[in-house]
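All figures in this text were calculated on a predicted structure; none of them were measured in a lab. Residue indices begin at 1 and follow the sequence shown. Remember, it's 1-based here, ligands and their atoms both numbered in the order they're listed.
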Amino acid sequence: MKPSDLIWMNGDFVPWDEAKVHVLTHGLHYGTGVFEGVRCYDTEIGPAIFRHQDHIERLYRSAEMYYMPIPFEPEQIRQATLDLIGRNGLRSCYIRPLVFRGYGQMGLFPLDAPVDVCIATWEWGAYLGEEGKQKGVRAKVSSWERISPSSLIPQAKACGQYLNSILAKIESHKAGYEEAILLDDKGHVCEGTGENIYLVFDGQIHTPSTTSSILDGINRRAAIRIARDLDIQVVERDIARAELYTADEIFLTGTAAELTPVREVDDHAVGTGEPGPVTRAVQDVFEDALHGRAERYREWLDPVPVEAKV
Ligand SMILES: Cc1ncc(COP(=O)(O)O)c(C=O)c1O
């Protein structure tokens, strides 16, 4: 990770090396935090954050689900993020807002611990690699089930919940794959460790619905909208594991991974073993939308004001 100059912490811009917390921070012990992964792109209209408002709304929803009142207004978080990118002189970056239970109270009852907020930005390439985005990645169905709604809140983007993704990620990495695909508690295909998943059959896209244990991805909504605008039918339904082996094409979406094709699952080639035409069609428009080249999706971009630049 390449450090930036500043991090925003509880209302102040502090130097990267001074953005510190106490070792008895509640969230460090119990995972009591929620966060977002957001990206800013160097677009045709200058640096701009992709679907910023949606990410902020999900951050507040996640915090609310864990009874964590955020001591700032959403608009303050938005402005702080725009200012931070400008002050850090970045044109494209990953953005990590984090809301967590801070220092002052230990034990499992968290409501007396303070709620701290920070925002960090840094330059970060495609999570599953540029080559992965071009040629597709090899994935493995994980032996770890995706967290179920009867034990945690799959729709929240909460820190502690990511131990589930981390176990799956380590397992797939040790087995020589680039990504893991998690099934849910009913054995249906759920998602990647940090991505939503789509299977293509006869030119139609099939993806688990939001009533399954997926995170309602912001890029998922973008990919579905783009596909429908391209007159590609999108079906939201339960998906059986074996369908991963019979799909014509498979791809993933997420802020970190963007749109990445899957070329193999459990050592079975997906289709021809190369990204297929539906994946490519959606990916091309998706990349245009991210980089401000698609007029139709410009409303998804939140431009970083010029005057905020250093
Ligand atoms: C578990 C999980 N599923 C799906 C996604 C994709 O969500 P988004 O498109 O909002 O980044 C993410 C990433 O945030 C994730 O962590």
Heavy-atom gap Gln161 to ligand 1 smaller than 4.0 Å: no
Sidechain N-carboxylate O distance under 4.0 Å for Lys169, Glu179: yes
Lys NZ or Arg CZ of Arg87 over Phe13 ring: under 6.0 Å, within 45°: yes
N-O pairing of Arg138 and Asp267 below 4.0 Å: yes
Per-atom contacts, ligand 1 versus Asn219 - under 4.0 Å to a heavy atom: 8 (P), 9 (O), 11 (O)
Thr253-ligand 1 polar pair, N/O distance under 3.5 Å: no
Ion pair Arg61/Glu64, N-O distance below 4.0 Å: no
Location of contacts on Thr193 toward ligand 1, heavy atoms closer than 4.0 Å: backbone
From Glu44 atom CD to Arg298 atom CZ, the distance as rounded to the nearest 0.5 Å: 6.0 Å
Shortest heavy-atom approach to atom 10 (O) of ligand 1 - which of Leu259, Ile147, Ile218: Ile218
Numbered atoms of ligand 1 (with element) below 4.0 Å of Thr255, judged on heavy atoms: 8 (P), 9 (O), 11 (O)
Proximal candidate to atom 2 (C) of ligand 1 [heavy atom criterion; set Gly37, Gly194, Ala257]: Gly194
Close approach, Arg58 and ligand 1, non-hydrogen under 4.0 angstrom: yes
Main-chain N/O of Ala156 paired to Gln161 side chain as donor or acceptor, under 3.5 Å: yes
